[in-house]
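Chain naming here is simple, since letters A, B, ... match the order of the sequence lines and numbering starts at 1 in each.
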There are 4 protein chains.
Amino acid sequence: MTEYVPTRADRFSFGLWTVGWQGVDVFGTAVRPTMDPAHAVHKLADVGAYGVTFHDNDLYPFEATHPERDQAIRSFRKALEETGLVVPMATTNLFGHPIFKDGAFTANERTVRRFAIRKVMDNLDLAAELGARTYVCWGGREGAESGAAKDIGTALDRMKEAFDILCSYVRDQGYDIRFAIEPKPNEPRGDILLPTIGHALAFIQSLEHKEMVGLNPEVGHEEMAGVNFAHGIAQALWHGKLFHVDLNGQNGPRFDQDLRFGAGNLRGAFWTVDVLETGGYDGPRHFDFKPPRTEDEAGVWESAQGCIRNYLILREKVRVFRADPEVQAALAEAKLDELATPTLADGETYAALRRDAPDIEALADRGCGFEKLDQLALDYLLGVRRG
Amino acid sequence: MTEYVPTRADRFSFGLWTVGWQGVDVFGTAVRPTMDPAHAVHKLADVGAYGVTFHDNDLYPFEATHPERDQAIRSFRKALEETGLVVPMATTNLFGHPIFKDGAFTANERTVRRFAIRKVMDNLDLAAELGARTYVCWGGREGAESGAAKDIGTALDRMKEAFDILCSYVRDQGYDIRFAIEPKPNEPRGDILLPTIGHALAFIQSLEHKEMVGLNPEVGHEEMAGVNFAHGIAQALWHGKLFHVDLNGQNGPRFDQDLRFGAGNLRGAFWTVDVLETGGYDGPRHFDFKPPRTEDEAGVWESAQGCIRNYLILREKVRVFRADPEVQAALAEAKLDELATPTLADGETYAALRRDAPDIEALADRGCGFEKLDQLALDYLLGVRRG
Amino acid sequence: MTEYVPTRADRFSFGLWTVGWQGVDVFGTAVRPTMDPAHAVHKLADVGAYGVTFHDNDLYPFEATHPERDQAIRSFRKALEETGLVVPMATTNLFGHPIFKDGAFTANERTVRRFAIRKVMDNLDLAAELGARTYVCWGGREGAESGAAKDIGTALDRMKEAFDILCSYVRDQGYDIRFAIEPKPNEPRGDILLPTIGHALAFIQSLEHKEMVGLNPEVGHEEMAGVNFAHGIAQALWHGKLFHVDLNGQNGPRFDQDLRFGAGNLRGAFWTVDVLETGGYDGPRHFDFKPPRTEDEAGVWESAQGCIRNYLILREKVRVFRADPEVQAALAEAKLDELATPTLADGETYAALRRDAPDIEALADRGCGFEKLDQLALDYLLGVRRG
Amino acid sequence: MTEYVPTRADRFSFGLWTVGWQGVDVFGTAVRPTMDPAHAVHKLADVGAYGVTFHDNDLYPFEATHPERDQAIRSFRKALEETGLVVPMATTNLFGHPIFKDGAFTANERTVRRFAIRKVMDNLDLAAELGARTYVCWGGREGAESGAAKDIGTALDRMKEAFDILCSYVRDQGYDIRFAIEPKPNEPRGDILLPTIGHALAFIQSLEHKEMVGLNPEVGHEEMAGVNFAHGIAQALWHGKLFHVDLNGQNGPRFDQDLRFGAGNLRGAFWTVDVLETGGYDGPRHFDFKPPRTEDEAGVWESAQGCIRNYLILREKVRVFRADPEVQAALAEAKLDELATPTLADGETYAALRRDAPDIEALADRGCGFEKLDQLALDYLLGVRRG
């Protein structure tokens with residue numbers, strides 16, 4: 001059996017809230033004790049991560065006093081120094097406390113919106129201090145359960161206002177930080193603003209400093225809408241906006257499962273890794289999953305290791321798949337090269353194509369050869385073909 | 001019982017392919033005879049439509065000779081003249097013929113892509129002649145069933161190329177026509193490019209003449225992805241891109257049902273009409289539905305009338321709902337006005353909000369009053385409250 | 001505007017856990033204080049309920065001492081006496097405490113299974129004491145996130161064993177209690193045993209005392225699987241197994257929304273009430289919903305009242321719809337009476353139908369008249385036709 | 001690379017309608033020519049099938065005269081003799097012709113119901129002649145798009161009547177044939193009767209000769225409802241009702257994709273094969289898929305071979321997974337053996353378990369070890385662990 005040993009160059013990272021999840025859900029209480037962030041950092045280093053990410057309130061509680069906050073940060077920094085782990089990304093908890101029951105940047109209550117922006121600013125300062133280059137914004141409670149409760153156009157105005165303010169702040173402070181919006185269609189709100197990669201990409205175009213804002217798409221969030229994650233991140237890359245990525249597993253439209261990467265839609269995971277490895281993404285491979293409630297701490301680390309292991313396995317498979325001459329022949333037969341050829345030749349105008357006399361019957365009869373190609377990919381995924 | 005009588009000022013329109021659908025599906029053959037487009041036009045006038053829309057091959061078959069095509073168009077024009085119906089929109093059939101099995105603008109086969117663009121140009125000429133101002137592009141077969149069969153970035157390059165060519169063509173011809181992209185997540189392809197309103201909005205930003213391209217969202221297509229249609233068109237309006245709309249009914253993620261408007265998600269229909277009527281949309285109210293296979297021609301017209309009737313009923317409800325002082329009080333209690341107030345006061349900077357000292361406990365305890373507001377809306381929808 | 005005032009004869013009931021839900025979800029903490037069960041009983045009486053239902057740990061915590069438990073029950077009984085509310089149903093919390101992380105009746109751990117059965121017995125004693133006639137079993141954590149973790153056949157053996165034991169216990173004690181299984185497809189487990197009405201109906205046939213076990217289907221749970229709730233309860237009634245019902249609202253396959261009845265799929269709610277009112281169901285109209293986290297206590301009662309109000313509105317609509325001669329004519333035209341006529345005439349054998357010479361063409365051409373009929377129903381639902 | 005060569009003992013079978021699908025869908029016409037059934041039989045023999053299955057109208061058109069029908073059957077039989085292929089199953093097309101627009105056994109129109117039953121009888125005679133032992137009934141159009149159009153209880157009466165008649169017929173004729181109901185939630189009807197494995201299992205209990213009726217579940221149909229197929233067939237086996245199986249691929253709730261087996265939900269396919277191979281199923285491994293429209297005939301056979309190949313690959317994986325001592329240790333650690341131990345010991349009564357004094361804290365803290373076990377399974381599926 002091949003060993004799949006991660007190196008720091010692989011850039012695997014985890015949120016503190018992933019391995020630290022205690023298992024509280026709508027129907028049950030915590031199944032695991034609180035995990036000290038410093039402990040999490042050490043264990044993440046052990047499993048092969050190069051980075052750790054955090055919400056402000058993963059480090060210290062919402063109600064923490066300044067000294068408590070400082071102490072928590074000191075302890076976290078010490079662990080970072082001891083392990084050499086970096087903080088590539090940070091984010092804000094704008095959904096846990098009851099004041100965010102109606103959202104944060106788009107809460108109807110203006111005081112809440114102002115408080116939310118300040119909370120982000122405060123944590124941006126810490127993020128910058130810790131060297132984070134990406135700041136994720138997941139608007140988990142920006143949304144509504146009912147129609148009149150939220151005017152969507154107005155809410156988008158407020159969302160834009162928040163990002164414009166925050167971009168100005170980052171610029172004014174001279175922080176080397178970009179924002180990454182994380183879309184999600186629903187849960188915990190009935191419907192969430194910017195529900196998919198597409199909606200967030202479109203929104204970004206409205207911003208004053210749109211160059212500073214990109215995406216942090218999450219596998220499960222797109223699959224909850226039944227859309228293809230690999231297609232989604234390929235479109236994000238096409239727009240130059242894949243700033244970060246959240247890898248995990250999901251079984252289609254249902255509650256947010258946050259399974260370890262590789263569990264859930266395995267064929268989707270293969271193509272996701274294919275896009276990440278061959279499509280020009282160079283950010284962290286960040287896992288945003290929840291170790292199931294059935295697990296104790298040993299199970300937490302099994303599942304964290306599983307995330308990394310499955311990525312490494314799939315990366316190896318994608319590489320040999322793409323390098324295989326038989327695959328390349330099948331791709332050519334499927335005319336992928338022809339897709340890469342512009343429809344109009346260099347210098348040609350549309351008038352030219354109106355003079356084409358295509359052999360309609362031959363085009364209608366031609367097979368595309370996609371099933372053969374897909375079976376080759378599946379053979380690699382199943383490990384019965386290994387390059 | 002109130003009568004709901006449409007006028008031409010209501011701008012209801014139908015596709016020829018809707019009332020003319022013969023009922024062929026994956027599992028069964030036609031249940032209704034071919035409907036002559038001229039007959040459809042007369043009957044649509046009778047039910048209260050102001051406009052009719054068409055694919056090229058709704059008027060004449062793919063294989064039609066020039067004289068056959070001319071004859072078909074003459075007959076259609078005659079019916080338009082007799083009835084006074086207009087053609088606000090036209091579109092191209094780029095999915096029915098076997099040559100489009102792998103798509104049209106993004107088919108791997110370059111000859112097909114060229115032929116597709118030509119087919120659109122040909123029908124743009126006719127659309128312009130008939131006075132259409134909107135040209136819809138539904139890329140129903142632009143997609144894939146498997147991962148390697150389509151390189152998404154490259155496919156988006158080809159999609160952009162097609163729209164850039166077509167925009168140039170329209171400009172060069174001096175046509176007063178704008179394009180409207182119709183997103184759909186899947187069916188008939190496993191996954192379709194530009195699967196939601198959001199993805200299409202983002203794509204448009206990449207185009208050379210992006211001002212000429214907007215959206216034609218369809219109720220059922222968004223609901224197949226489990227996302228909120230009213231939210232989606234509100235975002236499209238926010239971006240200035242709701243050029244046209246396809247109204248119908250759907251019961252969540254499953255096959256494309258194309259029920260008459262009002263059937264399916266009725267609460268969603270109420271909020272959809274609310275956005276259309278109050279959000280600044282001024283285009284046609286276009287129905288893109290399929291009379292179920294269980295119906296004969298009488299049933300076809302029952303269902304077409306149902307579309308119009310339900311829109312008129314919902315429009316009336318939305319108006320009285322919005323005008324009701326008790327509703328307005330509930331909206332104020334729910335702080336919708338506060339959502340409309342910028343988060344920073346005029347001239348205020350972000351430094352100011354860092355000095356806020358909000359009463360966290362009070363904010364946490366405050367109820368938003370959304371259930372009361374939503375029940376008022378539901379009372380209107382159910383007709384137990386009538387303003 | 002008609003008033004919709006409930007009476008006790010309407011048999012509306014609520015779970016303590018519905019109005020008492022504090023709003024804890026995967027992403028946030030409680031937004032409302034603990035609600036004293038006695039207070040809930042009084043308020044439920046005020047809004048027009050005739051009954052209240054409970055899990056053991058809605059009355060007293062898992063860790064309660066005997067005196068604490070007794071005190072809690074005394075307080076609850078006092079409130080019942082003061083208000084005259086009855087307890088038509090009770091149930092067990094077999095999902096909240098960490099020991100149930102892998103289920104209860106089908107936990108791999110035998111000690112947990114034994115403890116779960118005992119916990120049900122203990123609460124059956126209380127249920128009998130309080131006069132409950134139905135005992136609901138929701139197996140929320142009976143399931144798995146991964147394939148090998150649960151052997152389904154073996155788990156069904158254990159599920160059957162649990163019900164056989166509990167039925168024996170109820171018989172031995174002479175309790176006048178029947179069990180009602182509540183199916184759910186997923187959440188909080190990845191996949192749950194007995195995921196739909198159908199699976200539970202089938203399972204019941206395997207039990208020793210199958211006459212003692214029926215169903216408690218929940219609107220949202222079936223709609224999470226994209227199946228038609230009204231069809232589901234009609235099949236349950238057909239099997240004589242609709243012992244109880246959980247009414248609420250849901251927007252298709254996504255997380256369990258538990259909206260108030262009427263919110264979500266409104267057309268589905270109309271047909272649900274139609275089946276309940278005309279299909280022979282005579283149990284409580286039980287609401288199992290969660291007042292959204294956006295609401296304070298006033299909002300909780302708004303939403304509870306909304307459940308009742310919407311049921312009463314829909315009941316009135318269903319009655320006038322069914323009584324309308326034009327509807328009856330449309331039903332006849334749609335041949336519903338013919339569906340009620342056996343396919344073989346009395347005494348006829350199958351040999352006879354082989355001699356039929358049906359007019360295939362006429363049958364193929366005939367329209368079913370369903371769109372007209374459905375629009376009549378929709379007119380009633382919208383209140384533009386009122387009998 | 002291991003070769004995966006099927007033998008007849010593997011019992012792979014295909015429907016004539018699968019490889020013969022011409023690609024007609026709601027949006028497009030045929031992409032492949034008609035395939036002569038005799039040709040299909042020869043090619044299926046070549047790819048390694050042992051059996052072929054058919055609808056009556058796969059062999060001869062609905063309108064065929066008697067001589068045409070006889071000729072078609074002769075040609076098919078000749079191909080069977082030449083190849084040695086058997087006909088393990090047959091079924092009736094009760095959905096393609098317009099007369100079945102409102103269903104067959106449950107059409108509101110009684111004449112249609114009678115005709116449908118006769119059509120089944122006619123094909124039962126042929127099925128018996130050809131040696132089929134299983135007769136599948138897929139009620140694809142037994143359902144409705146709207147609420148009042150179908151009374152579900154009455155429709156179930158008619159469905160029961162049809163099966164009771166057909167069972168009598170088979171018994172009277174002395175045919176060695178059992179029926180297998182194929183559930184599906186929707187498409188082509190809005191909602192279909194007996195939407196899942198569970199609903200069909202429950203229905204069967206109502207039949208006069210219920211021992212003669214079981215299930216033919218299809219992977220994609222259950223996954224369209226978001227339920228776990230492996231769980232579903234495990235429950236069917238538990239009830240002794242898995243008479244036949246339809247293997248294919250699907251990507252969750254959306255239109256019926258009918259991908260080749262292995263495409264779609266690959267992890268689900270692994271557990272499906274695990275249940276089929278270890279759960280006591282001994283019927284054919286029947287593929288009910290549709291070669292995508294992108295394929296010519298060569299692609300059709302690629303995809304048919306892919307179905308078989310993927311089954312053989314997964315079967316090998318399941319076998320080594322189950323045989324691996326480390327897996328067995330992980331299963332023991334996950335307490336699967338304890339799930340197999342009855343909850344009450346032999347002779348023990350429920351009184352005993354009330355005297356248990358479990359260590360609640362220890363039970364709450366214990367991890368279940370499911371993530372480790374699931375990663376072992378995934379390692380086998382990915383082929384990085386090979387026993």
Given heavy-atom pairs under 4.5 angstrom as the criterion, report whether the side chain, backbone, both or neither of [X] touches chain D.
| X | value |
| --- | --- |
| C:A377 | neither |
| C:T349 | neither |
| C:S206 | side chain |
| C:L166 | neither |
| C:E161 | side chain |
| C:E348 | side chain |
| C:L331 | side chain |
| C:R366 | both |
| C:Q205 | side chain |
| C:K119 | neither |
| C:A340 | both |

Heavy-atom pair count under 4.5 Å with chain D, highest-scoring of [options]:
| options | value |
| --- | --- |
| C:R267, C:E361, C:H231, C:E145 | C:H231 |
| C:D191, C:I99, C:T154, C:T343 | C:T343 |
| C:V112, C:N186, C:L193, C:D122 | C:D122 |

Would you call C:K335-D:D151 a salt bridge at under 4.0 Å N-O?
->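 No.
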
Write out, in numerical order, the residues from residues 196-204 of chain C with a heavy atom short of 4.5 Å from a heavy atom in chain D.
->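 Near chain D, by residue number: C:T196, C:I197, C:G198, C:H199, C:L201, C:A202, C:F203.
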
Residues in salt bridge (Lys or Arg N to Asp or Glu O under 4.0 Å) with D:D359, at least two apart?
->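 Salt bridge (Lys or Arg N to Asp or Glu O under 4.0 Å) check on D:D359 returns nothing, list empty.
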
Does a donor on one side chain and an acceptor on the other come within less than 3.5 Å for D:R354 and C:Y169?
->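 Yes, side-chain donor-acceptor contact under 3.5 Å.
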
D:L363 vs C:F115, side chain to side chain contact (heavy atoms under 4.5 Å, CB included): CA-CA, chis, key distance, verdict = CA-CA 11 Å; D:L363 289 169; C:F115 179 76; 5.8 Å; no

